[in-house]
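Working notes for the structure below.
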Amino acid sequence: MSLLYFPGCTLKNKARNFDASTLEVFSALGVELAELERWNCCGTVFSMADDDLMLQLAPLRNLLRAEQQGGGELLVPCSMCYNTLRRAQRFAAADPERLGRIRDFMYDEPSAYRGDVEVRHPLAYLRDRVGLERVKQAVERPLGGLRLGAYYGCLLLRPSELAVDDPARPRVMEDLIAALGAEPVEFGQRAECCGAYQTLSWRAVTLRRTYEILGSACAAGARALLTSCPLCAYNLDQMQREAVKSYPDLCAMPVLYFTELMVIAMGLGWKPEWSALHEVDPQPVLDAAGA
Amino acid sequence: MGVINLADGSQADCERAETLSGEKIVACKQCGTCTASCPNIQDMDLPVRELMHLVQLGRLDEVLASRTPWVCSSCLQCSVRCPRGIDIARVMEAMRAMQLRARKGRLSPAEVVDPACADAPPILLVSAMRKLTG
Ligand code: SF4
Ligand code: SF4
């Protein structure tokens, strides 16, 4: 079967490993992803000011494109894109007057925005549609009980209405880790912010968040972290080099996209060029699978 | 603690913040859950609960002079926990919007495209531009 797919800018750039591994994993599980045509940047952050209708157009135009290309479900792996698209959709639906104005802004489109595309995150799709049991059956190189921490951050869980799982006690990523033959460890900071865009502004915020999140995962026994957000990945992985200067006892560990872990465990072949996109070498995770 | 004075111009300032954020700021009961939930609190000069109180009092000048709205990373941890159901992150966004619309950004676009940011992912550059440049 075929499913519409929205990669977003970063998956075509610094997170090419996330894009490629998502395509491979879904294909191996019998779901061919069809990249949305003429997609544009989602805007990266949902605009929360009440009067900023213009800033909702970037995400909503993508949803309109999906409607025009068959509608139904749209798979969005990047946590930031997923969150922004879903929040913009809810914002537009909240009152008919607003919805009317948003339609007016997009008057030159061949069809009017309806707002009925279902934006789905791969973690929820794997759990609800594919089934984690089927993922388990596809494992060729189980991860030998490697202890891994699932880092959700903010955007998969908040606001609650769009959470991919129970926002108070998520387990979908832990269940996936277990299905792949590794051992999930829960840690206190798994749903606390990585500092996000503060990396370019109040850098001390991000450095401390990086230190605290890694420390929390380390104390729980995790040897690597999983994420679905390229900004979390940047702050938790690439920023380790700088954070260790402020925090010499920083606990270093690799950070992988959950789809990369699936590629490893399903024996789909890790691409050597993906290693270069990681700051901390993911080799220990590959070793655990004998890959 | 100050008294919320409904007679003078302070009410108009509080209402301006309510309109822009779409949130009922006067409903805040000053419990402090937001401050306790904030992962960035150590870098804020005005704790989140106190910011909410100053907005209630219409003392926006003091709020806008503080760095707290800029240190906020829109993580929504306060918003999901507020017992009064206030989406505090939207109040922070309204405070930033007031500054940005007055062309008082925290960052200039030139800083964001600095070569030091060359290895940054597009979502970092674009989100910082969207949130912090006027
Ligand atoms: S959590 Fe809500 S009610 Fe409590 S101080 Fe913060 S804004 Fe006010
Ligand atoms: S949304 Fe902002 S103020 Fe609220 S907890 Fe997160 S960083 Fe703190």
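The sequence lines fix the lettering, A, B, ..., with proteins before strands; numbering per chain opens at 1.
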Go through [options] and name the one with the most non-hydrogen pairs under 4.5 angstrom from chain B.
options	result
A:A15, A:C41, A:G43	A:G43
A:L231, A:L155, A:T84	A:L231
A:S160, A:C194, A:P230, A:G195	A:P230

May I ask you to name which of [options] has the most heavy-atom pairs under 4.5 Å with chain A?
options	value
B:S74, B:S37, B:A128, B:P39	B:P39
B:R130, B:R67, B:M92	B:R130
B:V126, B:L132, B:L124	B:L124

Check whether [X] reaches the backbone of [Y] with its side chain - one donor and one acceptor, N or O, closer than 3.5 Å.
X	Y	result
A:Q198	B:V71	yes
A:T10	B:I123	yes
B:R106	A:S201	yes

Specify the closest pair of heavy atoms between B:K131 and A:F46, including all atoms of both residues, with the distance to one decimal. NZ-O, 4.5 Å
So, for A:R87 and B:D87, which heavy atoms are closest and what is the spacing to 0.1 Å?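 Looking at all heavy atoms of both residues, the shortest contact is NH2-OD2, 4.3 Å.
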Is [X] close to chain B through its backbone or its side chain, or both, or neither, when contacts mean heavy atoms under 4.5 Å?
X	result
A:L55	both
A:R158	both
A:E212	side chain
A:S47	both

Roughly how far apart are [X] [atom1] and [Y] [atom2], rounded to 0.5 Å?
X	Y	atom1	atom2	value
B:E93	A:D50	CD	CG	11.0 Å
B:S79	A:M48	OG	CE	7.0 Å
A:E192	B:N40	CD	CG	10.0 Å
A:T44	B:M129	OG1	CE	10.5 Å

Is the count of non-hydrogen atoms from other residues, nucleotides or ligands lying under 6.0 Å from [X] atom [atom1] greater than 12?
X	atom1	answer
A:D249	CG	yes
A:E273	CD	yes
B:R81	CZ	yes
B:K104	NZ	no

Which atoms of B:S127 come close to chain A, meaning under 4.5 Å heavy atom to heavy atom: side chain ones, backbone ones, both, or neither? both
So which part of B:A94 gets closer than 4.5 Å to some heavy atom of chain A, the side chain, the backbone, both or neither?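 For B:A94, there is no contact with chain A at all, as no heavy atom is under 4.5 Å.
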Do the charged groups of B:R101 and A:D52 touch, with an N to O distance under 4.0 Å?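 Between A:D52 and B:R101 there is a salt bridge, with a charged N closer than 4.0 Å to a carboxylate O.
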Start with the C-alpha distance between A:C154 and B:L76, add both sets of side-chain angles, then the distance that settles side chain to side chain contact (heavy atoms under 4.5 Å, CB included), and finish with yes or no. CA-CA 7 Å; A:C154 312; B:L76 268 57; over 6 Å; no
